[in-house]
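In what follows, a single structure is set out as structure tokens and then discussed.
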There are 2 protein chains.
Amino acid sequence: MAEFPQALTRFPVTVDIVALTVRDDALNVLLITRRIEPFRGRLALPGGFVLAGEGLGEAAIRELAEETGVEQVPGHLEQLQSYGPRGRDPRGDVLTVAHLLLAPNFPVLSAGSDAEHAAWYPVGYVLDGDAELAFDHARILVDAVERARSKLEYSPLGAAFCGDEFTIAQLRAVYEAVWGTRLDPRNFHRKATGNPGFLEDTGRMTVGDAGRPAALFRLAAEARPAAGEPVRAVLNPPLMRPYS
Amino acid sequence: MAEFPQALTRFPVTVDIVALTVRDDALNVLLITRRIEPFRGRLALPGGFVLAGEGLGEAAIRELAEETGVEQVPGHLEQLQSYGPRGRDPRGDVLTVAHLLLAPNFPVLSAGSDAEHAAWYPVGYVLDGDAELAFDHARILVDAVERARSKLEYSPLGAAFCGDEFTIAQLRAVYEAVWGTRLDPRNFHRKATGNPGFLEDTGRMTVGDAGRPAALFRLAAEARPAAGEPVRAVLNPPLMRPYS
DNA sequence: GGAATTATTGTCAAGATGACGATAAGTATT
DNA sequence: AATACTTATCGTCATCTTGACAATAATTCC
């Protein structure tokens with residue numbers, strides 16, 4: 001019976017989740033306030049240690065549910081990148097597998113005072129302001145935002161920020177918030193609705209809003225996550241961000 | 001002094017490297033023949049355990065050097081994705097951080113009979129043939145090839161498969177091998193040379209080959225890997241593979 | 001020297017893009 | 001109810017990009 005070599009180094013492994021959403025036309029990230037050392041009192045990405053017999057995705061979902069108090073976390077989860085194990089944590093070597101969640105704006109339960117408090121923070125405020133994140137989480141956040149930006153170009157996952165049904169204007173607001181640019185409503189409308197395999201008209205319309213009612217769309221069937229199946233989540237042609 | 005919790009689960013962590021190159025107009029992958037259980041005798045990706053105090057990239061480079069007998073492995077190395085820790089290895093939970101190397105066709109030293117033998121294998125043969133890879137390495141290889149394919153669209157890294165200087169035709173052969181399609185030489189030439197920040201004319205020409213001599217190019221300065229700096233490796237406009 | 005081979009420059013129609021005008025269909029205001 | 005306002009949607013047009021393919025250039029091969 002084959003066994004691992006005795007002298008084998010083993011590492012604690014964590015998952016960290018960069019959960020992004022769009023609130024008030026700005027990109028927001030879910031952060032917790034750390035209640036324990038190290039970095040006690042600092043803002044940090046939600047996450048935690050991977051348990052024995054757990055997969056990476058499972059661990060990410062479990063941690064996210066635990067720290068937000070939300071049972072079924074909505075949105076699209078994917079692996080981002082791994083960092084470490086060296087020089088990330090003053091307690092020693094730790095490998096972390098960062099994940100990216102693109103989610104609609106879901107409410108986070110305010111946990112009691114003894115638990116870690118999770119809340120949405122504008123990404124611009126977090127990165128530019130003086131709210132220094134714990135560990136190497138600022139770097140992870142930067143990588144995650146860049147990944148999200150390019151995901152919007154090449155995949156239909158911008159829709160993951162919206163609910164099940166959304167208007168073209170809502171989708172455009174997502175693109176504008178994530179890319180940090182303004183987009184021409186007419187050209188965006190043409191490209192989004194004209195892209196085969198991206199959107200599907202529900203036939204229904206918004207009611208009660210100001211202005212002309214808008215048609216409600218959902219992700220096209222081929223772009224929707226199927227159970228177990230890997231989504232062929234490719235936008236063709238891509239919706240490129242303006243390059244100046 | 002903060003310490004890790006006592007009950008913390010620790011995992012062995014490995015790096016696996018999918019080293020790709022183009023040989024005889026076909027995409028090839030570097031594989032070793034395993035000399036130990038489990039999967040003794042099977043083909044597998046090069047890789048091995050991350051040692052204490054080692055970073056992920058360092059470990060990947062060290063393993064690659066050890067298993068190929070090449071001191072300075074050429075090409076572009078980047079992290080691919082992590083897999084695990086559950087259900088990958090009959091010996092128990094192992095997390096692996098897969099890496100992708102895009103390299104020119106470098107010769108692999110044939111190791112002695114007691115060491116693991118590394119060699120290039122055509123990807124098509126490996127995935128379609130009955131050479132079943134060890135562990136979950138077939139899946140990792142599939143992911144790596146897909147990553148390489150899209151890298152060629154959005155980044156100048158196709159040049160990583162060539163040497164320092166290369167002709168447009170050599171670069172095109174890389175694209176054709178990786179994408180598995182034929183490309184029109186004239187249109188490819190126009191797009192490659194017309195892309196700002198991609199190629200730089202060396203002023204020199206090939207000699208001795210059949211046909212008209214070709215101009216030699218190298219990666220443009222802004223696309224070349226600088227020491228320590230992250231390369232702004234983005235191709236604008238992208239060189240999209242034909243979509244049928 | 002002529003044939004074969006490969007590189008490179010053009011041409012042209014079709015498709016995609018960015019800027020912006022015009023119209024449609026609601027709500028808010030008077 | 002009429003008017004103003006707001007937002008959605010459709011259209012136009014010049015420009016850029018793309019794919020298909022003709023033509024020419026500069027070598028080696030025979």
Side-chain angles (χ1 to χ4, degrees), chain A residues 25 152-154 156 158-159 162 165-177 179 181-218 234-244, chain B residues 24-25 152-154 162 165-177 179 181-218 234-244:
Chain A
D25 295 325
L152 258 56
E153 299 188 316
Y154 304 120
C162 304
E165 301 192 350
F166 48 87
T167 67
I168 300 293
Q170 286 168 340
L171 186 63
R172 176 167 47 86
V174 164
Y175 275 76
E176 292 182 333
W179 286 347
T181 57
R182 305 313 308 267
L183 298 173
D184 184 286
R186 298 158 291 189
N187 290 337
F188 184 85
H189 190 281
R190 186 202 337 147
K191 296 213 275 195
T193 56
N195 205 310
F198 188 10
L199 299 181
E200 206 170 75
D201 198 331
T202 64
R204 308 201 298 118
M205 311 282 286
T206 55
V207 284
D209 290 349
R212 175 175 170 177
L216 282 167
F217 291 83
R218 64 170 152 261
V234 168
L235 219 49
N236 202 300
L239 245 164
M240 305 288 283
R241 54 189 133 166
Y243 177 75
S244 52
Chain B
D24 305 324
D25 295 326
L152 257 55
E153 298 189 316
Y154 305 121
C162 304
E165 301 192 349
F166 47 87
T167 67
I168 301 294
Q170 287 167 339
L171 186 62
R172 177 166 47 85
V174 164
Y175 276 76
E176 292 182 332
W179 286 346
T181 56
R182 306 311 309 267
L183 299 172
D184 184 285
R186 298 159 290 189
N187 291 337
F188 184 84
H189 190 282
R190 182 195 349 138
K191 296 212 275 195
T193 58
N195 205 311
F198 187 10
L199 300 180
E200 206 170 76
D201 198 332
T202 64
R204 307 200 299 118
M205 310 282 287
T206 55
V207 284
D209 290 350
R212 172 175 172 178
L216 283 167
F217 291 83
R218 64 169 151 261
V234 168
L235 219 49
N236 202 300
L239 245 163
M240 304 288 283
R241 57 189 132 166
Y243 177 76
S244 53

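Here is the naming used below: chain letters follow the sequence lines, and residue numbers restart at 1 for every chain.
- Whole-Å rounding puts the Leu183(B) CG to dT18(D) P distance at 13 Å.
- Arg186(A) contributes no side-chain N or O that forms a donor-acceptor pair with the base of dG11(D) under 3.5 Å.
- Side-chain atoms of Leu239(A) and Phe198(A), non-hydrogen and from C-beta on, do get closer than 4.5 Å to each other.
- Atom pair Leu235(A):CG and dA16(C):P shows a separation of 13 Å (rounding to whole Å applied).
- Taking atom CG on Asp184(B) and atom P on dA22(D), their separation rounds to 11 Å, with Å as the unit.
- Within the 4.5 Å cutoff, the side chain of Pro237(A) has heavy atoms near those of the Asn195(A) side chain.
- Taking 4.5 Å as the limit, some side-chain heavy atom of Ile168(B) sits within range of a side-chain heavy atom of Leu199(B).
- From Leu235(A), atom CG reaches atom NZ of Lys191(A) across 10.5 Å, with rounding to the nearest 0.5 Å.
- The distance between atom CG of Leu199(A) and atom P of dT9(D), rounded to the nearest whole Å, is 11 Å.
- Rounded to an integer number of Å, the gap from CZ of Arg190(B) to P of dT17(D) is 10 Å.
- Protein atom CG of Asn236(A) is 10 Å distant from nucleotide atom P of dT17(C), rounded to whole Å.
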Distances for protein N/O vs nucleotides 27-30 of chain D N/O pairs under 3.5 angstrom?
none

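- Between Met240(B) and Pro238(A) the shortest heavy-atom distance is CE-CD, 3.8 Å.
- When every heavy atom of Leu183(B) is checked against every heavy atom of Arg172(B), the shortest pair comes out as O-CD, 3.9 Å.
- Note: NZ (Lys191(A)) to C1' (dG15(C)) measures 13 Å, nearest angstrom.
- Regarding Asn187(B), its CG atom lies at a distance of 14 Å from the C1' atom of dG15(C), rounded to whole Å.
- The nearest heavy atom of DNA chain C to Met240(A) and to His189(B) marks one nucleotide each, and the one closer to the 5' end goes with His189(B).
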